[in-house]
Amino acid sequence: MYGDRSPTTFHQLAVGRVMRIGRALENELVVSDLQVSRLHAEFTSTPDGRYQIRDLGSHNGTYVNGQPMHKSGTALIGPNDIVGVGHSTFRLVGDRLEEFVDTGEVSFSARHLTVTVDGGKQILKDVSFGVPEKSLIAVIGPSGSGKSTLLKALTGYRPANEGDVLYDNRNLYKQFAELRQRIGLVPQDDILHKELTVRKALKYAAKLRFPGDTAESEREARIDEVLRELKLDIHKEKRVTSLSGGQRKRVSVALELLTKPSLIFLDEPTSGLDPGMDRDVMQLLRGLADDGRTVLVVTHSVAELAICDKLLVMAPGGSVAYFGPPEEALNFFGYTTWADVFSAFENYRDYDWAGRWRGSQHYQMYAADIDAVAAQSVHMPSPQQMRPPKPQSWGSQLWTLIRRYSSVIASDRGFLALMVILPAVLGVVSVVIPAEFGLGPPEPPSKFNGKAGTILLILAVGMCFSGAANSVRELIKERVIYERERATGLSRSAYLMSKVIVLGVITAFQGVILCGIGFAPRALPEDGLLMPPAVEMCIVIIALGFTSMMFGLVISSLVKTAEKTMPLLVMFAIVQVVFTGTLFQVYGSPGLEQFAWLMPSRWAIAGTGATLDLAHLMPPWEPENPTDLDPLWEHTVAQWGLNITILLLIGVVCGLAVARLLRRHEPEVMRK
């Protein structure tokens with residue numbers, strides 16, 4: 001597996017003795033790697049003279065031949081087995097344990113990668129190339145040449161249908177759960193919260209990615225080390241949003257460097273940058289490669305290709321048009337500028353660019369050896385084996401996510417002000433309508449309090465709008481961050497629950513403001529069903545805000561761009577107005593009544609209506625039949641409880657839908 005590589009060090013295994021591996025100094029084999037738990041695993045001998053490895057409940061897992069062991073499980077190992085612990089791997093040779101430490105100097109190759117989509121269309125065709133250690137590789141090509149598809153195939157986000165990706169001669173797809181820790185990926189969009197300072201953003205990232213038993217001092221030391229390496233220490237207390245484009249990209253790279261990856265992929269890191277920043281970013285990548293990493297960058301910029309070791313040019317349709325030194329590429333195509341090359345790709349789309357490449361002398365020099373291995377179909381391990389373990393417990397992740405999300409919101413003063421102003425304005429609007437909830441159904445019927453339903457409608461729709469507005473952008477704006485963190489072991493349910501808790505508290509606060517302003521100047525009945533009427537109705541309004549917030553999360557998980565959330569938010573609010581049951585008679589209308597059951601506002605009005613006995617407070621829909629009342633407004637404890645229960649149940653169903661929809665925005669290997 002390691003070819004001619006010599007072990008980093010040797011360890012003698014004594015029969016009958018235990019050799020513990022971990023980060024703590026009390027271990028017999030100390031691995032100074034923050035990806036390793038303090039007490040990670042142990043080697044022991046069996047009575048028949050064989051050896052076994054036992055996981056000690058490690059956070060990032062112990063791997064045998066690339067496959068994760070069960071926590072606290074054991075496995076027999078032989079001379080052909082490889083045990084992975086953090087950045088170190090171990091091989092048993094007799095009674096001696098050979099350790100290989102991944103310092104970044106690893107080879108990387110792709111062999112016959114082919115990606116086929118629905119309908120049998122190939123969007124990546126037989127791509128092969130190989131690079132030595134400490135290399136910088138640039139991938140360029142016109143739109144539709146499969147660059148993004150290639151990047152997903154190389155990182156394991158979307159494994160190819162055929163072919164292999166070899167990381168130091170180890171199959172990435174079959175050993176993804178272990179090797180994903182050695183790979184860093186910087187997407188085109190920044191993978192950090194711009195409202196935070198540089199140091200705080202890295203602090204939360206380190207908390208999520210390092211094992212749960214990592215001390216804060218250890219994380220802080222690693223953050224300082226990365227900041228110094230990327231010359232960001234002078235900017236560490238600045239907000240990310242105040243940095244230049246090139247500096248923000250450095251922070252994204254710094255986030256990935258925290259875990260010391262040996263292989264770093266970047267997707268369009270210079271997009272939108274001026275030529276000076278373009279050069280700075282490419283020189284940064286050159287420095288990362290020289291320091292002992294393999295760096296692959298997908299780019300549209302051709303100005304700084306000369307500093308790369310190798311250049312991969314993709315042709316339309318997803319095939320290789322050239323691979324080799326960048327200084328020989330233009331001569332290979334027979335043009336003087338890259339603009340001419342890309343024009344040729346566009347003008348001669350049916351030309352066999354891949355065939356021209358394979359028939360060239362450059363192919364014999366730079367790719368023939370890698371291409372010589374026959375193409376193979378990809379046989380993936382089970383989803384459980386592909387899925388990486390979680391570095392921290394679910395509760396620890398949830399607490400970190402809550403703190404980070406709260407910090408992001410607290411740093412946005414405009415959003416905080418809007419959260420207070422919006423319910424306050426809507427509450428004031430409801431006060432404009434002159435009416436007293438306390439008026440009962442006196443005689444004659446013409447003096448019924450017809451405004452009560454209108455006031456409740458304004459309060460309910462206002463809460464619908466406020467709750468949904470809180471959450472409607474929250475998932476779409478963090479989509480790239482979520483996708484990357486999910487690949488590093490983030491729990492989907494912990495992420496969603498952090499949003500529900502923080503936004504739920506905010507929504508409840510808004511509900512209190514709305515009800516406080518809306519109810520304060522009005523005469524309410526003296527007694528409610530269970531509690532004072534103002535409290536009962538406020539609870540219902542808060543429950544409505546929660547369910548509307550969950551609807552907002554559904555919208556945010558469905559749309560592809562943030563711009564599409566506003567039209568859907570307005571549509572949601574308008575639909576709630578129509579189906580409250582206070583504008584016209586909803587009950588007793590087949591089809592319409594059943595559809596209204598899906599609307600949160602219908603159950604919220606029903607809950608407040610049950611408290612106020614709205615069926616008798618408002619004039620009947622049919623004066624000639626005053627006993628024909630809306631059954632959901634029945635003035636009983638049971639009906640009030642049923643109304644609020646169904647209202648909350650709709651919110652729970654929305655939460656389950658969001659959890660399901662989040663799968664679409666995860667790496668394919670993470671989907672259950």
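All residue numbers in this chain count up from 1 along the given sequence. Remember, it's a predicted structure, so these values are computed and weren't measured experimentally.
- In this structure, Arg473 has no side-chain hydrogen bond (donor to acceptor under 3.5 Å, both in side chains) partners at least two apart in sequence or on a different chain.
- Ring geometry, Trp597 versus Trp603: the interplanar angle falls from 30° to 60°, so the pair is classed tilted.
- Put simply, CZ on Arg403 and NZ on Lys200 are 9.5 Å apart, with the number rounded to the nearest 0.5 Å.
- Considering only residues two or more places apart in sequence or on other chains, Phe595 meets the ring-ring contact (aromatic ring centres under 6.0 Å, His included) condition with Phe579.
- The closest side-chain heavy-atom distance from Lys121 to Thr116 is not below 4.5 Å.
- Looking at every heavy atom in both residues, Val31 comes nearest to Phe90 through CG2-CZ, 4.4 Å.
- Between Arg492 and Glu666, at least one side-chain nitrogen of the basic residue sits less than 4.0 Å from a carboxylate oxygen of the acidic one, meeting the salt-bridge criterion.
- Heavy atoms only, all atoms of each residue included: Pro68 and Ala177 are closest at CD-CB, 4.1 Å.
- More than 12 heavy atoms of other residues, nucleotides or ligands shown are found within 6.0 angstrom of CZ on Phe265.
- The closest side-chain heavy-atom distance from Val36 to Pro211 is not below 4.5 Å.
- Within 6.0 Å of CD on Glu216 lie no more than 12 heavy atoms contributed by other residues, nucleotides or ligands.
- Using a 4.5 Å heavy-atom cutoff, the side chains of His300 and Ser271 are not in contact.
- Judged purely by atom type and a 3.5 angstrom limit, Asn470 uses its side chain to pair as donor or acceptor with the backbone of Ser466.
- Between Val295 and Ile137 there is no side-chain heavy-atom pair separated by less than 4.5 Å.
- With Arg23 contributing its side chain and Asp213 its backbone, the two residues share a donor-acceptor pair below 3.5 Å.
- Between Arg248 and Asp190 there is a salt bridge, since a side-chain N of the basic residue sits under 4.0 Å from a carboxylate O of the acidic one.
- Under the 3.5 Å distance criterion, the side-chain polar atoms of Lys236 are left unmatched by any main-chain donor or acceptor of Leu227.
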May I have the step-by-step check of side-chain contact (heavy atoms from CB on, under 4.5 Å) for Leu553 and Met550, ending in yes or no? CA-CA 5 Å; Leu553 289 177; Met550 299 306 295; 4.0 Å; yes
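- Within the 3.5 Å criterion, the main-chain N or O of Val281 finds no donor-acceptor partner in the side chain of Arg250.
- Side-chain atoms of Thr400 come within 3.5 Å of backbone atoms of Ser396 as a donor-acceptor pair (strictly under, hydrogens ignored).
- Using modelled atom types, one side-chain atom of Ser601 and one backbone atom of Gln576 make a donor-acceptor pair closer than 3.5 Å.
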Residues Phe551, Ile650; criterion side-chain contact (heavy atoms from CB on, under 4.5 Å); working and verdict: CA-CA 9 Å; Phe551 264 98; Ile650 294 173; 3.7 Å; yes
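- Salt-bridge check for Glu256 with Arg484: passed, with a basic side-chain N closer than 4.0 Å to an acidic carboxylate O.
- Side chain of Tyr173 to main chain of Ala153: a donor-acceptor pair is present (N/O by atom type, distance under 3.5 Å, no hydrogens or angles).
- Between the Ser556 side chain and the Val472 main chain, a donor and an acceptor come within less than 3.5 Å of each other.
- Every residue was checked against the salt bridge (Lys or Arg N to Asp or Glu O under 4.0 Å) condition with Arg38, not counting sequence neighbours, and none meets it.
- No side-chain N or O of Gln35 forms a donor-acceptor pair with one of His87 less than 3.5 Å apart.
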side-chain contact (heavy atoms from CB on, under 4.5 Å) evaluation trace for Leu196 with Val408: CA-CA 6 Å; Leu196 302 178; Val408 170; 3.9 Å; yes
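- In this structure, CG on Leu475 lies 8.0 Å from NE2 on His665, to the nearest 0.5 angstrom.
- Ile506 contributes atom CD1, which lies 10.0 Å from atom CZ of Phe509 (distance to the nearest 0.5 angstrom).
- Taken from CG in Leu257 to CG in Leu288, the straight-line distance is 5.5 Å, to the nearest 0.5 Å.
- Side-chain N or O atoms of Thr62 include none that pairs as donor or acceptor with a backbone N or O of Ala41 at under 3.5 Å.
- For the pairing with Leu266, the side chain to side chain contact (heavy atoms under 4.5 Å, CB included) check across Val139, Leu285, Leu151 returns one residue only, Leu285.
- Checked against side-chain contact (heavy atoms from CB on, under 4.5 Å), Ala215 has the following partners two or more places apart in sequence or in another chain: Ser217, Glu218.
- Nearest approach of Gly146 to Leu124, heavy atoms of both residues: O-CD1, 3.7 Å.
- To the nearest 0.5 Å, the span separating NE2 on His40 from OG on Ser88 amounts to 10.0 Å.
- Counting only heavy atoms from C-beta outward, the side chains of Ile53 and Met69 approach each other to under 4.5 Å.
- For the pair Arg664/Leu558, a side-chain contact is recorded, criterion being any heavy-atom separation below 4.5 Å from C-beta on.
- Closest non-hydrogen pair, Ser498 versus Tyr405, comes out as O-CD2, 4.0 Å.
- Ion pairing of Glu225 with Arg222 is present here, as a side-chain N (NZ or NE/NH1/NH2) and a carboxylate O approach within less than 4.0 Å.
- Counting heavy atoms of neighbouring residues, nucleotides and ligands inside a 6.0 Å radius, atom CE of Met497 does not exceed 12 of them.
- Counting non-hydrogen atoms of other residues, nucleotides and ligands closer than 6.0 Å to NZ of Lys152 gives a total of 12 or fewer.
- With values rounded to the nearest 0.5 angstrom, Asn171 atom CG is found 5.0 Å from Asp164 atom CG.
- For Ser262, the side-chain hydrogen bond (donor to acceptor under 3.5 Å, both in side chains) partners two or more places apart in sequence, or in a different chain, are Asp102, Tyr167.
- The closest donor-acceptor contact from the side chain of Thr114 to the backbone of Glu162 lies at 3.5 Å or more, if one exists at all.
- Side chains of Gln175 and Asn65 form no contact here, defined as non-hydrogen atoms less than 4.5 Å apart.
- Leu172 is listed as a side-chain neighbour of Ile183, based on a closest heavy-atom distance under 4.5 Å.
- In terms of the ring-ring contact (aromatic ring centres under 6.0 Å, His included) criterion, residue partners of Tyr482 (sequence neighbours excluded) are, by chain and number, Tyr495.
- The pair Lys203-Glu220 does not meet the salt-bridge criterion, since no charged nitrogen lies less than 4.0 angstrom from a carboxylate oxygen.
- The shortest non-hydrogen separation linking Glu178 to Gly84 is OE2-CA, 3.4 Å.
- For Glu478 and Lys499, the salt-bridge test passes: some basic side-chain N is under 4.0 Å from an acidic carboxylate O.
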Could you check Arg158 against Asn161 for side-chain contact (heavy atoms from CB on, under 4.5 Å), going step by step and ending with a plain yes or no? CA-CA 9 Å; Arg158 197 289 186 195; Asn161 300 95; 3.2 Å; yes
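- Closest approach of Ala460 to Leu544, counting heavy atoms only: O-CD2, 3.2 Å.
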